[in-house]
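Reviewing the structure listed below.
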Amino acid sequence: MNTTIAREDTPPADALVAVWERSVRATHGFVTEDEIALFRPQVREMLLAIRPFVLRVDGQPSGFLALNGAHVEALFVDPPLFRRGLGGRLLRAAVEAGAKTVDVNEENPGALAFYLACGFRQIGRDPLDPSGLPHPILHLALP
């Protein structure tokens with residue numbers, strides 16, 4: 001398995017949105033179909049607006065991390081590649097580029113455990129997500 005991670009000025013947005021959707025379906029059981037439909041175009045716009053780190057496995061887009069200043073906006077890996085250290089590699093690349101904070105859904109304990117294991121600590125909580133939906137958000141930061 002040949003893997004690369006690089007920031008891309010023109011990311012393959014459609015392929016990465018498909019990765020996002022597969023990953024959300026595998027890890028975010030609390031998200032409804034209507035919410036996925038609501039977020040899908042927002043994810044595409046974000047990918048085109050923020051120069052993401054793109055994970056490629058054997059040349060295929062297989063994950064991404066969107067970094068906005070020092071804040072990790074999104075990190076998603078294709079489900080068949082879970083638990084192979086690829087999310088950690090994406091996050092390390094972002095931290096080297098200045099990442100210091102991330103928000104995570106409280107209802108996604110796997111993501112919370114991942115970020116805590118990577119050294120992040122909880123610094124706050126909001127009862128609603130940025131869209132106003134009842135999905136509590138935990139704010140995390142590196143010490």
Report all side-chain donor-acceptor pairs from residues 64-74 shorter than 3.5 Å, counting only partners two or more places apart or in another chain.
from	atom 1	to	atom 2	distance (Å)
Asn68	ND2	Glu73	OE2	3.3
His71	ND1	Thr101	OG1	2.7

So, taking the atom named [atom1] in [X] and the one named [atom2] in [Y], what distance separates them when rounded to the nearest 0.5 Å?
X: Leu86; Y: Asp78; atom1: CG; atom2: CG; answer: 10.5 Å
X: Leu55; Y: Thr4; atom1: CG; atom2: OG1; answer: 7.0 Å
X: Thr10; Y: Leu48; atom1: OG1; atom2: CG; answer: 8.5 Å
X: Gln42; Y: Leu47; atom1: CD; atom2: CG; answer: 12.0 Å

**Study point:** Stepwise side chain to side chain contact (heavy atoms under 4.5 Å, CB included) test for Ile123 and Leu140
**Key:** CA-CA 5 Å; Ile123 59 169; Leu140 309 177; 5.9 Å; no
Practice item. Tell me, with the steps shown, if Tyr115 and Leu142 meet side chain to side chain contact (heavy atoms under 4.5 Å, CB included). Key: CA-CA 9 Å; Tyr115 288 113; Leu142 288 172; over 6 Å; no
Point to revise | Geometric class of the His28/Phe76 ring pair [parallel <30°, tilted 30-60°, perpendicular >60°] | key: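 Tilted.
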Is it possible for you to say whether [X] and [Y] belong to one hydrophobic cluster, with membership spreading through side-chain heavy-atom contacts below 4.5 Å?
X: Leu91; Y: Val24; value: no
X: Val54; Y: Met46; value: yes
X: Leu75; Y: Leu81; value: yes

Are [X] and [Y] close enough that some pair of their side-chain heavy atoms sits under 4.5 Å apart?
X: Leu128; Y: Ile137; result: no
X: Leu133; Y: Phe39; result: yes
X: Glu106; Y: Arg125; result: yes
X: Val43; Y: Arg40; result: no
X: Glu107; Y: Pro136; result: yes
X: Ser23; Y: Arg25; result: no
X: Val19; Y: Val77; result: no

Review point. Going through the checks in order, is the side chain to side chain contact (heavy atoms under 4.5 Å, CB included) test met by Leu138 and Phe120?
Key: CA-CA 11 Å; Leu138 301 177; Phe120 284 79; over 6 Å; no
Exercise for review: For Asn105 and Asn108, indicate whether the former's side chain and the latter's backbone hold a donor-acceptor pair under 3.5 Å.
Suggested key: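 Not a single qualifying donor-acceptor pair exists.
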Looking at every heavy atom in both [X] and [Y], which two are closest together, and how far apart are they?
X: Ala97; Y: Phe53; value: CB-CZ, 3.8 Å
X: Met1; Y: Val57; value: CG-CG1, 3.3 Å
X: Gly63; Y: Leu16; value: O-CD2, 3.7 Å
X: Ala93; Y: Ile5; value: CB-CG2, 4.3 Å

Exercise for review: May I have all residue pairs that pass side-chain hydrogen bond (donor to acceptor under 3.5 Å, both in side chains) and include part of residues 51-67, sequence neighbours excluded?
Suggested key: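 Sorted pair list: Glu8-Arg56, Asp9-Arg51.
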**Study point:** Derivation of the side chain to side chain contact (heavy atoms under 4.5 Å, CB included) call for Arg89 and Thr3
**Key:** CA-CA 10 Å; Arg89 285 185 53 200; Thr3 62; 2.5 Å; yes
Review point. If you measure only the distance, is there a donor-acceptor pair under 3.5 Å linking the side chains of Glu35 and His135?
Key: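 Side-chain D/A pair, Glu35 to His135: present.
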